[in-house]
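This report concerns only the one structure given below.
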2 protein chains.
Amino acid sequence: MRISEVTAHSGVPATTLRYYEQLDLIRSTRTTNGYRDYAPEVLERLSFIGVAKKMDLDLEQIKWLLDVTETGTCTNTRDALHPVLTERLREVEDSIRKLEELRVVLASSLEHVATCPDSSEPCQSECAFKSLA
Amino acid sequence: MRISEVTAHSGVPATTLRYYEQLDLIRSTRTTNGYRDYAPEVLERLSFIGVAKKMDLDLEQIKWLLDVTETGTCTNTRDALHPVLTERLREVEDSIRKLEELRVVLASSLEHVATCPDSSEPCQSECAFKSLA
DNA sequence: GTAAACCTTCGAGTCAGCTAGAAGGTCAAG
DNA sequence: CTTGACCTTCTAGCTGACTCGAAGGTTTAC
């Protein structure tokens, strides 16, 4: 397949495909005229990358997973995926906890701002955030 | 106060103070020798900035809030803060929802990976992510 | 008097994941 | 034969919030 066909099938822009190749996430051979030539398996790879990206894994982690998957057995893949996903799950749960805290602070700030004494006089600065400092 | 004193009291690095000044988040006068001279109020301002940053407001929003706070009355401050915090709350709640979804997907992926048939034979690639593609 | 500690500006570098543009080669249709 | 669609490489830019280094001036302590 030529690069435009891969784009058509995967939705991944040609520039991004070249970028991924630069990072060794995907590979291609060359035709006689120098054009990139992709094996159909690249589509599976791109789909894997897409899913992994949705899990907020970065490209370096994804490359690592692809490398292990490619060179290893299912056992290896499983052994590789498990800690990565576990770690990512921990991070996501962490983010959720922090955002929950932030949500509470924001909600109470809104409360504070809403009940802040109205006055046409200039008042002391930062009053809206005073309870949070 | 000189810049190092502000750093000592606030914990904000001197380079960052200069950067903030460049963005008009804080101000300073100059001594005869050209050194920056800070009024004590800068510490309140930095504390405000710190709190606002914890709420994931970006520096542009923070500058805007500081400007309104400085030039206006409490009413203005309140009127300014309310929509910003409301919007931020909406964003945070959005992020929480998305991360919750991701958490569920990650947990079920982990489940899938854990129960993936063990084999010393090489197996079909991407099996661990197959259910998610 | 000199060394250390402080201050200045300016420009560039960092992170990730692309994206865009220039300058040029290749190929199929009309 | 030329137009237009496709392909190539290379370089540079984008986002935000810093951070660092060079090259130099100032002040303080001994």
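Computed over heavy atoms, backbone and side chain alike; hydrogens, waters and symmetry mates excluded.
By the salt bridge (Lys or Arg N to Asp or Glu O under 4.0 Å) test, R2(B) is found to be paired with no residue, residues two or more places apart in sequence or in another chain being considered. Among residues two or more places apart in sequence or in another chain, the side-chain contact (heavy atoms from CB on, under 4.5 Å) test is passed with K53(A) by Y20(A), I49(A), L59(A), I62(A). A search for side-chain hydrogen bond (donor to acceptor under 3.5 Å, both in side chains) contacts involving R36(A) returns E21(A), not counting sequence neighbours. T31(B) meets the side-chain hydrogen bond (donor to acceptor under 3.5 Å, both in side chains) test with N33(B); sequence neighbours excluded. Every residue meeting the salt bridge (Lys or Arg N to Asp or Glu O under 4.0 Å) condition with R27(B), not counting sequence neighbours, appears here in chain and number order: E70(B). T29(B) is linked by a side-chain hydrogen bond (donor to acceptor under 3.5 Å, both in side chains) to nothing, counting only residues two or more places apart in sequence or in another chain. Legend: residues meeting salt bridge (Lys or Arg N to Asp or Glu O under 4.0 Å) with R90(A), ordered by chain and number and at least two apart, are E87(A).
Salt-bridge formation is not detected for the pair R30(A)/D37(A): no Lys NZ or Arg NE/NH1/NH2 atom is positioned less than 4.0 Å from an Asp or Glu carboxylate oxygen.
Between D37(A) and Q22(A), the one whose closest nucleotide on DNA chain D sits nearer the 5' end is D37(A).
When all heavy atoms of R45(A) and L25(A) are compared, the closest pair comes out as NE-O, 2.9 Å.
Sorted by first then second residue, the side-chain hydrogen bond (donor to acceptor under 3.5 Å, both in side chains) pairs that include residues 92-103 of chain A, not counting sequence neighbours, are D94(A)-R97(A), E100(A)-R103(A).
Between L65(A) atom CG and L57(A) atom CG the span is 6.5 Å, to the nearest 0.5 Å. Between the CG atom in L85(A) and the CD atom in E111(B) there is a gap of 12.5 Å [rounded to 0.5 Å]. The CZ atom of R88(A) sits 12.0 Å away from atom CG of L110(B), with the distance rounded to the nearest 0.5 Å.
The shortest distance between the side-chain N/O atoms of R30(B) and the OP1/OP2 oxygens of dT26(D) is not below 4.0 Å.
Note on I3(B): only backbone sugar-phosphate atoms sit closer than 4.0 angstrom, heavy atoms only; bases stay farther off. Using a 4.0 Å heavy-atom cutoff across all strands shown, R18(A) reaches at least one base atom of the nucleic acid.
For the helix from dG1(C)-dC30(D) to dG30(C)-dC1(D), the end axes, each set by the C1' atoms of five terminal pairs, are bent relative to each other by 30° (nearest 10°).
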Taking N or O atoms only and anything under 3.5 Å, show me the protein contacts with nucleotides 27-29 of chain D, one pair per line.
from	atom 1	to	atom 2	distance (Å)
dT27(D)	OP1	N33(B)	ND2	2.8

Which atoms of nucleotides 17-19 of chain D (N or O only) lie under 3.5 Å from a protein N or O atom, and what are those distances?
from	atom 1	to	atom 2	distance (Å)
dC18(D)	OP2	Y20(B)	OH	2.8
dC18(D)	OP2	K53(B)	NZ	3.1
dT19(D)	OP2	T16(B)	OG1	3.4

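For DNA chain C, the span of nucleotides reached by chain B at under 4.0 Å from its heavy atoms goes, 5' to 3', from dC6(C) to dT9(C).
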